[in-house]
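To start, the structure itself, in structure tokens.
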Amino acid sequence: MGRSTTARMLRGFYEAAYAAYGPRHWWPGDSPLEVMVGAVLTQNTNWTNVERAIANLKSNSLLDWHRLDRMSHGELADLIRPAGYFNVKARRLKSLAAWVVETFDGDLEAMFSLSTASLRERLLAVNGIGRETADSILLYAGGHVTFVVDAYTARILRRHGLIDEQADYEEIKALFEDNLPADEALFNEYHALLVEVGKRCCRPRNPRCAQCPLDEFPHDPTP
DNA sequence: TGCCAGGCCGGGT
DNA sequence: ACCCGGCATGGC
């Protein structure tokens, strides 16, 4: 498929999804720190479960890098239990907190003043921060212009024939970044809209929903 | 009831 | 370079 065709489809997806669902107001979270914590907690997990975990941290005044760094694994795991994988995620949050404290003394402005490429690389080196989490942190906590890819994104693009079955994360990310204007607000809204489309009508067992905003685009209903 | 949710890591081929 | 099992709660 030609480059301009791809660009047109990606733009069309966005317009159709935005017309259907409007602005998503992402990321839900009161501060960059809270967004970062949420990005770890939501790994393969429903957001409503994450909200309970964050509420627990908040009510104990634990949305603080130094406190997260110092507190015990067990206490943290217990508080984030509703988010699932609580032992894994407690370890990951403490890895992130330790890194932020040791490297930036908890100063996120200093952290986000790094270049996108260099910060991404350094986030990926933190245990528990993979590509989606790193990109979510960069875009939604730091305002960096980087596209976030998730399972929904891959499934939607696959079903509409824009990528092949085995396209990997970086390839899908590049598809957006190479075919859209580098605009933070656009990347922010686009990813959030893809999640909304995915939740409503692009689930694994629901190859074609009744009111899909992307129905006007060529569609292959294979999972 | 089983399936699914805004992944990632580590070990095995 | 892939492939897979493990991790866990809560909603529908």
Side-chain angles (χ1 to χ4, degrees), chain A residues 13-14 17-18 21 23-29 32 34-57 73-99 120-142 144 146-159 163-173 176 186-210 223:
Chain A
F13 276 21
Y14 178 82
Y18 190 91
Y21 304 135
R24 302 284 82 211
H25 306 296
W26 269 32
W27 185 295
E34 187 176 327
V35 172
M36 292 173 70
V37 168
V40 170
L41 292 178
T42 198
Q43 290 169 358
N44 203 37
T45 298
N46 192 305
W47 181 254
T48 60
N49 287 11
V50 174
E51 287 184 314
R52 302 166 195 227
I54 291 179
N56 287 344
L57 295 176
H73 169 94
E75 191 189 346
L76 179 55
D78 193 52
L79 289 166
I80 65 172
R81 176 176 290 270
Y85 304 135
F86 48 85
N87 282 311
V88 172
K89 287 173 179 174
R91 191 167 63 242
R92 291 177 180 175
L93 284 179
K94 287 183 69 62
S95 303
L96 182 59
W99 177 72
R120 186 172 197 264
E121 195 174 344
R122 300 187 66 173
L123 284 167
L124 289 173
V126 177
N127 183 280
I129 309 295
R131 290 171 298 188
E132 182 183 344
T133 308
D135 286 329
S136 297
I137 288 171
L138 284 162
L139 176 63
Y140 290 108
H144 281 251
T146 199
F147 204 90
V148 181
V149 175
D150 66 352
Y152 289 131
T153 311
R155 193 154 61 232
I156 292 167
L157 293 190
R158 232 182 284 124
R159 288 181 179 179
I163 57 169
D164 48 48
E165 206 60 41
Q166 60 272 18
D168 70 4
Y169 187 99
E170 302 297 343
E171 201 175 333
I172 297 170
K173 177 182 177 64
F176 288 95
L186 173 66
F187 285 16
N188 177 319
E189 198 59 61
Y190 206 142
H191 173 71
L193 285 167
L194 285 172
V195 171
E196 195 60 28
V197 172
K199 284 195 214 176
R200 297 192 188 227
C201 56
C202 201
R203 300 164 64 108
R205 300 302 182 110
N206 182 21
R208 186 192 284 284
C209 75

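Just so it is clear: chains get the letters A, B, ... in the order the sequence lines come, proteins before strands, and each one is counted from 1.
B:dG7 atom C1' lies 13 Å from atom CG of A:Asp135, rounded to whole Å. Rounding to whole angstrom units, CG of residue A:Asn46 and P of B:dA5 are separated by 9 Å. Between A:Phe86 atom CZ and B:dA5 atom P the separation is 21 Å, expressed in whole Å. The NZ-P distance, from A:Lys89 to B:dG7, rounds to 9 Å in whole Å.
The CG atom of A:Asp135 sits 11.0 Å away from the CG atom of A:Asp150 when rounded to the nearest 0.5 Å. Note that the CG atom of A:Leu157 and the CD1 atom of A:Ile163 stand 5.0 Å from one another [nearest 0.5 Å]. Atom-to-atom distance recorded for A:Leu57:CG and A:Leu76:CG is 6.5 Å, nearest 0.5 angstrom. One finds the CD1 atom of A:Ile54 at 5.5 Å from the CG atom of A:Leu41 (value rounded to the nearest 0.5 Å).
Within the 4.0 angstrom heavy-atom criterion, base atoms lie near A:Asn49. The residue A:Ala151 sits close only to the backbone: its heavy atoms come under 4.0 Å of sugar-phosphate atoms, none of a base.
No side-chain N or O of A:Thr153 forms a donor-acceptor pair with one of A:Lys173 less than 3.5 Å apart.
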Exercise for review: Report, as a single string ordered 5' to 3', how protein heavy atoms within less than 4.0 Å touch nucleotides 8-13 of chain B: B base, S sugar-phosphate only, - not at all.
Suggested key: BSS---
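Going from the P atom of C:dG5 to that of B:dC3 covers 15 Å, rounded to whole Å. To the nearest whole angstrom, the two P atoms, one in B:dC8 and one in C:dG10, are 22 Å apart.
Using the six-membered ring where Trp is involved, A:Trp26 and A:Tyr140 have ring planes that are perpendicular, over 60° apart on the 30 and 60° scheme.
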Check your understanding: Is there a ring pair (Phe, Tyr, Trp, His ring centres under 6.0 Å) between A:Phe176 and A:Phe187 once you walk through the steps?
Key -> CA-CA 9 Å; A:Phe176 288 95; A:Phe187 285 16; 8.1 Å; no
Exercise for review: Start with the C-alpha gap between A:Phe86 and A:Lys89, add the side-chain angles, then the distance that decides, and say whether side chain to side chain contact (heavy atoms under 4.5 Å, CB included) holds.
Suggested key: CA-CA 5 Å; A:Phe86 48 85; A:Lys89 287 173 179 174; 5.8 Å; no
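Here the options are A:Ile80, A:Val50, A:Ile137, A:Leu93, the test is side-chain contact (heavy atoms from CB on, under 4.5 Å), and the partner is A:Val37; only A:Leu93 passes.
For the OP1/OP2 pair of B:dA5 and a distance below 4.0 Å, the side-chain nitrogens and oxygens of A:Tyr152 include at least one atom meeting the criterion.
Using a cut-off of 4.0 Å between Lys/Arg side-chain N and Asp/Glu carboxylate O, A:Glu165 and A:Arg158 are scored as salt-bridged.
Chain A approaches DNA chain C over the interval C:dC7 to C:dG11, counting the first and last nucleotide 5' to 3' with an atom under 4.0 Å from its heavy atoms.
A stem is defined here as three or more consecutive Watson-Crick or G-U pairs, each with both distances under 3.5 Å; for DNA chain B these stems are B:2-5 with C:9-12, B:7-13 with C:1-7.
Atom CD of A:Glu121 sits in a sparse spot, with 12 or fewer heavy atoms from other residues, nucleotides or ligands closer than 6.0 Å.
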